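It should be emphasised that the depicted structure is a prediction, and the values quoted were computed from it without experimental measurement. Here is the naming used below: chain letters follow the sequence lines, and residue numbers restart at 1 for every chain. Below, all heavy atoms of this structure are taken into account, side chains as well, without hydrogens, waters or symmetry copies.
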2 protein chains.
Amino acid sequence: MQITRAAEYGVLGLTALARRPLGEVVMIETLCAEEDIPNSFLGKILQSLSKAGIVKSARGSGGGFSLARNPSEVTALEIIEAIEGPISLQRCLDEDLGCEHSGGCALCSLFAEAQERVKEVFSRTTLADLTGRHIPNGLVRQARSRASDAHPATPHPTPLPVAGRIPLEAESTR
Amino acid sequence: MQITRAAEYGVLGLTALARRPLGEVVMIETLCAEEDIPNSFLGKILQSLSKAGIVKSARGSGGGFSLARNPSEVTALEIIEAIEGPISLQRCLDEDLGCEHSGGCALCSLFAEAQERVKEVFSRTTLADLTGRHIPNGLVRQARSRASDAHPATPHPTPLPVAGRIPLEAESTR
DNA sequence: CTTTTCCGGACCAATTTCGTCCGGTTCAAT
DNA sequence: ATTGAACCGGACGAAATTGGTCCGGAAAAG
């Protein structure tokens with residue numbers, strides 16, 4: 001009854017992408033560093049997202065991934081289903097298999113309703129929403145180590161950006 | 001993102017129990033036959049339900065399981081959590097583990113909402129509701145074979161009980 | 001004391017999850 | 001043209017989970 005890590009990482013990776021200007025091309029490695037995701041795994045996940053048209057890939061040097069659409073037009077449901085396939089809380093609800101019970105099935109009716117609710121939440125939440133709420137672990141750590149480089153004596157009060165936008169490398173360093 | 005068979009079988013087994021007068025003691029084997037559940041597996045599942053106080057067990061000859069409470073006072077959520085442990089759509093939401101992200105986490109907020117919806121559906125649905133909706137495969141098959149025993153020439157129009165109560169062995173045979 | 005039935009732990013096979021790895025392809029820059 | 005950077009995609013594999021089975025034991029009834 002849990003989402004897979006793949007879907008989890010997919011969402012996180014996309015928020016990292018969405019934090020940037022639309023269309024900016026970013027390497028897998030950079031995204032992984034920001035969100036604490038195993039490197040080669042995110043590669044696989046982004047392939048699925050690319051096939052689903054959520055992300056565009058560019059090969060060769062200077063290549064990487066970029067968002068294919070505006071973050072406010074990508075729903076969590078799309079992301080998750082692109083990675084895991086259609087959501088189905090129970091066997092009965094598998095679209096092509098169907099329920100093996102003859103007349104009525106206690107499980108079908110119960111899980112169908114729950115599944116609808118879940119899909120409703122997921123389809124109402126956009127990547128923009130998610131990005132707004134999210135503070136990536138990786139970026140926070142990076143900021144912290146940069147800060148302690150600057151004032152090596154300061155032990156605790158390293159001030160972290162806590163709300164709103166998080167400064168990217170380009171702006172925050174020097 | 002799917003419920004386990006254990007939980008599935010647990011719900012089905014309980015509907016079989018709930019179809020009978022409250023307190024009636026039924027053997028595992030009978031329940032399995034009615035709902036098409038592997039025999040020894042349901043044993044395991046019923047142990048959990050017994051520990052959770054949903055079902056009472058009686059050992060020895062004439063023993064078996066009986067519902068501990070009125071079907072309308074047992075929720076689907078109780079049943080499922082008795083078998084699978086607390087529902088958690090995502091790691092962040094594991095009660096004791098918690099979320100490893102520092103400030104805000106896109107995943108927490110998303111899945112917390114979805115999870116609440118699911119739990120709401122499950123806790124609003126009672127065993128009585130489920131039993132009312134359900135027509136067990138096993139019983140239908142049993143009825144069919146009994147009927148074709150009686151009229152071996154009748155190929156198709158074997159009339160099956162389709163809605164409402166389903167006659168149990170005791171009443172339907174002879 | 002024998003039979004019946006659940007208890008509960010050990011065990012096992014299959015599947016899924018969570019990745020890694022590597023050769024191939026594409027693209028840019030030299 | 002060559003080189004290096006980066007994704008593509010399939011194969012591979014270890015670990016965890018799922019979906020059960022099995023068996024010796026305990027308890028209850030006759």
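Applying the 4.0 Å criterion to OP1 and OP2 of C:dC18, one finds that A:Tyr9 has every side-chain N and O outside that range. For the OP1/OP2 pair of C:dC7 and a distance below 4.0 Å, the side-chain nitrogens and oxygens of B:Ser57 include at least one atom meeting the criterion. OP1 or OP2 of C:dT20 has at least one side-chain nitrogen or oxygen of A:Ser40 nearer than 4.0 Å.
Between the P atom of C:dG19 and the CD1 atom of A:Ile37 lies a distance of 10 Å, rounded to the nearest Å. Between the CG atom of A:Leu46 and the P atom of C:dG19 there is a distance of 15 Å, given to the nearest Å. When rounded to the nearest whole Å, the span between CD of A:Glu8 and P of C:dT16 equals 20 Å. Rounded to a whole Å, the CD1 atom of B:Ile3 is 11 Å from the P atom of D:dG19. When rounded to the nearest whole Å, the span between CD1 of A:Ile45 and P of C:dT17 equals 13 Å. Rounded to whole angstrom, the span from the CE atom of B:Met27 across to the C1' atom of C:dC6 amounts to 11 Å. Look at CZ on B:Phe65: it is 12 Å from C1' on C:dG8, rounded to the nearest Å. A straight line from CG of B:Asp36 to P of D:dG20 spans 12 Å, rounded to a whole angstrom.
By the neighbour-count criterion of 12 heavy atoms within 6.0 Å, atom CD of A:Glu29 is sparsely surrounded, having that number or fewer from other residues, nucleotides or ligands.
Position along DNA chain D of the nearest nucleotide to A:Ser50 versus A:Ser61 favours A:Ser61 as the more 5'-ward residue. Comparing B:Lys51 and A:Ala6, the nucleotide of DNA chain C nearest to each residue sits closer to the 5' end for B:Lys51. Comparing A:Gly62 and A:Thr4 against DNA chain C, the residue whose closest nucleotide sits nearer the 5' end is A:Thr4.
Of the residues listed (A:Leu31, A:Ile79, A:Ile45), the one engaging A:Leu14 in a side-chain contact (heavy atoms from CB on, under 4.5 Å) is A:Ile79, and it is the only one.
Among the protein residues, B:Gly43 comes within range of no part of the nucleic acid, since none of its heavy atoms lies under 4.0 Å from any strand. At the heavy-atom level, A:Ile28 lies under 4.0 Å from the strands shown only through sugar-phosphate atoms.
Taking only distance into account, the side chain of A:Lys44 meets the base of D:dG10 through a donor-acceptor pair shorter than 3.5 Å.
Minimum atom distance to the side chain of A:Pro38 is reached by C:dG19, of the listed C:dG19, C:dC6, D:dT21. Between D:dT21, D:dC7, D:dG19, one nucleotide has an atom nearer to the side chain of B:Arg5 than all others, and that is D:dG19. Here the side chain of A:Arg59 is nearest to one of D:dC7, D:dG25, C:dT20, namely D:dC7.
A donor-acceptor contact under 3.5 angstrom links the side chains of B:Arg133 and A:Ser109, judged on distance only.
Taking A:Arg5 as the reference, nothing meets the salt bridge (Lys or Arg N to Asp or Glu O under 4.0 Å) condition, with sequence neighbours excluded.
A continuous path of hydrophobic side-chain contacts links A:Ile54 to A:Ile37 [ILVMFWY only; heavy atoms under 4.5 Å].
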